[in-house]
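Data first, discussion second: the structure below is written as structure tokens.
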Amino acid sequence: MEKQPDYHPDFESWPPAGTQTKPEWVMPEWPITIGRGIIGRCPHCGAAPIFDGYLKVHKLCLHCGAPLGDMPSDDAPPYIAMLVVLHVLALFVIFFYKGDYHPGLLMAGFLLLMLALICMAALRMAKGAVIGVLLKLGLKREVPNG
Ligand SMILES: [Zn+2]
């Protein structure tokens, strides 16, 4: 006969009580947080821009001081941008191979230019949204040695 393990309250919920870090910032609801990120405004206050340039993030929000620069968005924004944009591109590829669509050289060049611009815009929007999600979850980058 097997011995039943002793009941331990810490194993009843995950993560164990006391180990979960709360976000330092009281954030708005999810749609507002993500929407502000998509339009490039601070997900916390919405009053200042996230970006200092094209993709460089301000270390702290210029209005409320939220730690925007500590959010490790890493590879998520390019992944999301490609996921969205390449689904639109796939439509053109399918039309082309079915023989329904034959762009001239000028139109093909224009479409390539539009694709590049849309990718750039989508990357910036995705990065803003990811920073918003990370800020709401309180997932700051680990700082080595303190
Ligand atoms: Zn702010």
Side-chain angles (χ1 to χ4, degrees), residues 5-98 100-101 103-146:
D6 294 332
Y7 172 79
H8 198 285
D10 282 355
F11 295 138
E12 295 301 309
S13 67
W14 190 262
T19 61
Q20 201 169 14
T21 54
K22 278 193 165 180
E24 300 165 35
W25 301 90
V26 179
M27 295 293 294
E29 294 300 308
W30 281 109
I32 296 171
T33 302
I34 293 172
R36 283 175 178 168
I38 287 173
I39 61 170
R41 309 304 290 183
C42 169
H44 178 244
C45 64
I50 295 176
F51 298 107
D52 177 20
Y54 172 52
L55 285 177
K56 188 175 184 295
V57 177
H58 283 291
K59 184 83 182 142
L60 299 171
C61 172
L62 299 176
H63 184 254
C64 67
L68 302 173
D70 291 342
M71 298 299 134
S73 59
D74 296 341
D75 292 339
Y79 176 78
I80 295 168
M82 285 196 306
L83 192 72
V84 172
V85 172
L86 295 184
H87 274 96
V88 178
L89 180 70
L91 192 69
F92 286 97
V93 172
I94 290 168
F95 283 151
F96 183 79
Y97 278 104
K98 280 181 71 183
D100 297 339
Y101 181 64
L105 199 61
L106 194 66
M107 190 61 182
F110 174 74
L111 289 176
L112 277 176
L113 181 68
M114 289 305 295
L115 177 67
L117 292 177
I118 291 169
C119 280
M120 289 172 72
L123 181 60
R124 192 178 153 103
M125 293 162 81
K127 184 161 184 174
V130 168
I131 286 174
V133 169
L134 294 173
L135 196 65
K136 184 160 172 75
L137 294 174
L139 296 175
K140 284 171 78 168
R141 191 185 302 277
E142 287 289 325
V143 180
N145 299 327

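Start at 1 with the first residue, then count along the sequence. Just so you know, ligand 1 is whichever comes first in the structure, and atom 1 is the first atom listed for that ligand.
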For the [atom1] atom of [X] and the [atom2] atom of [Y], what is their distance to the nearest 0.5 Å?
X	Y	atom1	atom2	answer
Leu135	Ser73	CG	OG	12.0 Å
Leu68	His58	CG	NE2	8.5 Å
Leu89	Met82	CG	CE	12.0 Å

Legend entry - Passing candidate, side-chain contact (heavy atoms from CB on, under 4.5 Å) with Met71, options Ile131, Val133, Leu137, Val57: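 The single option meeting the side-chain contact (heavy atoms from CB on, under 4.5 Å) with Met71 is Ile131.
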Inset, instruction - Give the total of protein N/O/S atoms at a distance below 2.8 Å from the Zn ion (ligand 1). - result: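 Atoms of protein N, O or S type lying less than 2.8 Å from the Zn ion (ligand 1) total 4.
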Inset, instruction - Return yes if some donor-acceptor pair links the side-chain N/O of Lys127 with the main-chain N/O of Leu55 below 3.5 Å, else return no. - result: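 Side chain of Lys127 to backbone of Leu55: a pair is present.
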Inset, instruction - Return yes if some donor-acceptor pair links the side-chain N/O of Arg41 with the main-chain N/O of Ala47 below 3.5 Å, else return no. - result: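 Yes: the side chain of Arg41 pairs with the backbone of Ala47.
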